[in-house]
Amino acid sequence: MEVRLKMTVAALVEKQQMEWQWLSFQELNTLQLYQAMQLRQRVFVLEQTCVFQDADGIDVHSWHGLGYLPNGELGAYARIVPPGKAFEYPSIGRVVTAPELRGKRAGYELMQQAMAQTAALFPGNAIKIGAQAHLQRFYGSFGFEPVGELYDEDGISHIHMIAPPLSQQPSR
């Protein structure tokens with residue numbers, strides 16, 4: 001697997017624009033859970049017109065990244081799934097930013113936070129994702145390489161991608 005970048009935990013968090021919280025499912029309060037589900041459904045169900053069971057049973061095993069804007073609104077979200085629950089590696093999923101933040105690098109900040117948190121939770125582990133196919137270049141900027149063939153998930157073309165452990169990625 002060819003690797004293109006190195007990200008240390010310090011480098012990943014230095015350009016932070018949102019206030020971040022990473023919580024287990026049990027640590028989420030009802031408002032945080034509601035905000036996360038609302039943002040996920042706003043984008044995945046309404047905007048992408050993708051009818052699927054969002055509450056898939058994996059959330060209860062995952063860590064949830066909540067990126068709050070200065071006004072207190074949830075601007076970005078992702079979940080980190082432990083190895084064995086979705087893939088053999090830890091994974092980052094349900095990666096979503098509020099539509100009004102598009103083009104403002106919020107997705108990059110979200111993935112930097114998620115990569116750093118995954119490295120902290122599962123040091124030395126590769127990370128696997130199921131990415132929407134049109135976002136391969138975006139995820140590639142974080143060291144992810146496609147593995148396998150394109151597949152359909154809920155009417156959207158996806159591809160599995162793997163990034164090596166952060167400690168094994170070359171410098172940016």
Item to complete: List the steps, then state whether side-chain contact (heavy atoms from CB on, under 4.5 Å) holds for F44 with R94.
Response: CA-CA 9 Å; F44 300 135; R94 299 294 199 266; 3.9 Å; yes
Fill in: Least distance between heavy atoms, A36 atom then L66 atom
CB-CD2, 4.2 Å
Worksheet, complete the sentence: Shortest non-hydrogen pair, I92 vs A78, comes out as CG2-CB, 4.2 Å
Donor-acceptor pairs are to be reported for all side-chain atoms of residues 124-133 against protein atoms at under 3.5 Å, with residues two or more places apart or in another chain.
unit_1, atom_1, unit_2, atom_2, d
N125, ND2, F122, O, 3.3
N125, ND2, P123, O, 3.3
Q132, NE2, Q48, OE1, 3.1

Discussion item. Which Ile, Leu, Val, Met, Phe, Trp or Tyr residues join V81 in one cluster when any pair of side-chain heavy atoms under 4.5 Å counts as a link?
Written reply: I58
Worksheet item: So which heavy atom on G140 is nearest to which on M161, and how close?
Response: N-CE, 4.3 Å
Practice prompt. Could you list the residues that satisfy side-chain hydrogen bond (donor to acceptor under 3.5 Å, both in side chains) with Y34, not counting sequence neighbours?
Written response: none
Worksheet item: Can you name the salt bridge (Lys or Arg N to Asp or Glu O under 4.0 Å) partners of E100, sequence neighbours left out?
Response: R42
Worksheet item: Are Q21 and Q32 close enough, and set up right, to give a side-chain contact (heavy atoms from CB on, under 4.5 Å), and what steps lead you there?
Response: CA-CA 10 Å; Q21 296 179 30; Q32 291 165 325; 2.9 Å; yes
Discussion item. I need the minimum non-hydrogen distance between M111 and F144, along with the two atoms involved.
Written reply: CE-CE1, 3.9 Å
Fill in: Pairs where residues 66-77 contributes a residue and the test side-chain hydrogen bond (donor to acceptor under 3.5 Å, both in side chains) is met, not counting sequence neighbours
Q35-Y68, R40-Y77, H64-Y77, N71-E73
Worksheet, complete the sentence: The side-chain hydrogen bond (donor to acceptor under 3.5 Å, both in side chains) partners of H158 (sequence neighbours excluded) come to none
Worksheet item: Do Q117 and W20 have side-chain atoms, one donor and one acceptor, less than 3.5 Å apart?
Response: no
Worksheet entry | Which residues share a side-chain hydrogen bond (donor to acceptor under 3.5 Å, both in side chains) with D152, sequence neighbours left out | none
Worksheet entry | Partner residues of S24 under the side-chain hydrogen bond (donor to acceptor under 3.5 Å, both in side chains) criterion, sequence neighbours left out | E27
Worksheet item: ring pair (Phe, Tyr, Trp, His ring centres under 6.0 Å) with H160: which residues, sequence neighbours excluded?
Response: F87, Y151
Worksheet item: If two hydrophobic side chains count as joined below 4.5 Å and joins carry through other members, does V96 share a cluster with I156?
Response: no
